[in-house]
Amino acid sequence: MGAWAAYLKSGIGQVIAFALPPRCPGCGAVTGEDHSFCADCWQQLDFLGDPACAACGDPFALDRGPDALCGACLADRPAFDRARGAVAYGEIARKVALRLKYGGRPALAETIARAIARLADEEQDALIVPIPLHRWRIWRRGYNQAALIATALGRRTGIPVELDLVRRVKATPVLRAMGPAARAKALRGAFRVTGRHRAMVKGRAILLVDDVYTTGATGNACARALKKAGAARVRLVCWARVVRDEAERH
Ligand SMILES: [Zn+2]
Ligand SMILES: [Zn+2]
């Protein structure tokens, strides 16, 4: 268990959370209720839904049916069966993700889990698994933000969580600036299902959890490792998703 998770579970964490006034997870303004956004931030959040690509969840402007795929997924179907984000990656969504990642605000994992919970409706038979960080990154930061979200989501939905099912065995550079081919190369062999977990994965539905979905390359590599280990189904849920063609939606 990470230091933050232990802190959250401890009575001290709960007493402190209780004593402080609730604040907007987006801007920090005092609000009436824990985990609720102020009116300004709420209005700026772009909650995602249908219609969207059946595989990657990229929103469509027009409904093309429940099984329709976007061009990218038609050309190269991802290893995960489906990916969905709670909100589009915009200014407020980004702030929330960064505050969880670097700001040491673990209560935000609970806020995010609340937003993601609706995406986990049909996943009662699944096993929640966070996309892992390489241990060097965990040492530097102290925790894996995806693991915090996964733990909070498990608590909220009652779906079992397995934090160490997948290992990140290769440290990968920042992928943002890379093209698709370089990204795929950097991620090759980056994830592995640990030996003692192989039996658990076989024939199982896995619900992968991450904070942000940018190109899907990381989720894809992680899903590939899970499918290789015999997972029956791999779906991915995240807080914020970069929407590929923002202009097309409006
Ligand atoms: Zn706000
Ligand atoms: Zn797609």
Side-chain angles (χ1 to χ4, degrees), residues 17 20-103 105-115 119 131 175 179-181 183-184 187 207-208 210-224 227 233-249:
L20 295 171
R23 289 183 181 275
C24 169
C27 68
V30 173
T31 56
E33 206 186 323
D34 269 327
H35 308 294
S36 65
F37 287 86
C38 74
D40 265 4
C41 290
W42 181 259
Q43 214 166 26
Q44 286 182 65
L45 281 172
D46 182 4
F47 288 90
L48 295 172
D50 292 328
C53 168
C56 75
D58 200 35
F60 289 154
L62 298 170
D63 197 345
R64 307 181 206 170
D67 301 321
L69 297 177
C70 71
C73 291
L74 270 177
D76 189 8
R77 184 96 201 223
F80 51 76
D81 298 275
R82 192 171 81 181
R84 290 291 183 268
V87 295
Y89 190 74
E91 199 194 325
I92 303 298
R94 184 176 145 266
K95 272 191 196 163
V96 173
L98 289 178
R99 280 177 146 180
L100 174 65
K101 198 166 174 180
Y102 301 110
R105 296 276 311 275
L108 288 174
E110 176 64 32
T111 306
I112 291 174
R114 284 171 186 234
L119 306 173
I131 292 201
L175 301 170
R183 228 177 255 144
L187 284 164
L207 185 63
L208 273 178
D210 209 356
D211 53 348
V212 175
Y213 179 109
T214 310
T215 63
T218 307
N220 193 22
C222 196
R224 192 173 296 124
K227 284 277 173 86
R233 184 180 85 208
V234 180
R235 287 179 178 167
L236 172 68
V237 288
C238 68
W239 158 241
R241 188 202 193 288
V242 172
V243 170
R244 226 174 280 139
D245 191 359
E246 189 62 47
E248 203 217 326
R249 291 174 63 212

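Just so it is clear, the values below take in all heavy atoms, side chains as well, and ignore hydrogens, waters and symmetry mates. One is the number of the first residue; the rest follow in order along the sequence. Order of listing sets the numbers, starting from 1, for every ligand and every atom in it. Just so we're clear, the structure is a prediction, and the values are computed from it rather than from any experiment.
In this structure, R114 does not pair ionically with D34, as no charged nitrogen and carboxylate oxygen lie closer than 4.0 Å.
When side chains are defined from C-beta on, L100 counts as touching I112, because their heavy atoms get closer than 4.5 Å. Between Y89 and V243, the closest side-chain pair of non-hydrogen atoms is not below 4.5 Å.
Vertex the Zn ion (ligand 1); arms to C24 SG and C38 SG; angle rounded to 10 degrees, 110°. Computed with the Zn ion (ligand 1) at the centre, the C41 SG to C27 SG angle is 110°, stated to 10 degrees. Taking the Zn ion (ligand 2) as the corner point, the angle from C73 atom SG to C53 atom SG is about 110° (rounded to 10 degrees).
Ring geometry for F80 against Y213 counts as perpendicular: the plane angle is over 60°, on a 0 to 90° scale with 30° as the lower cut.
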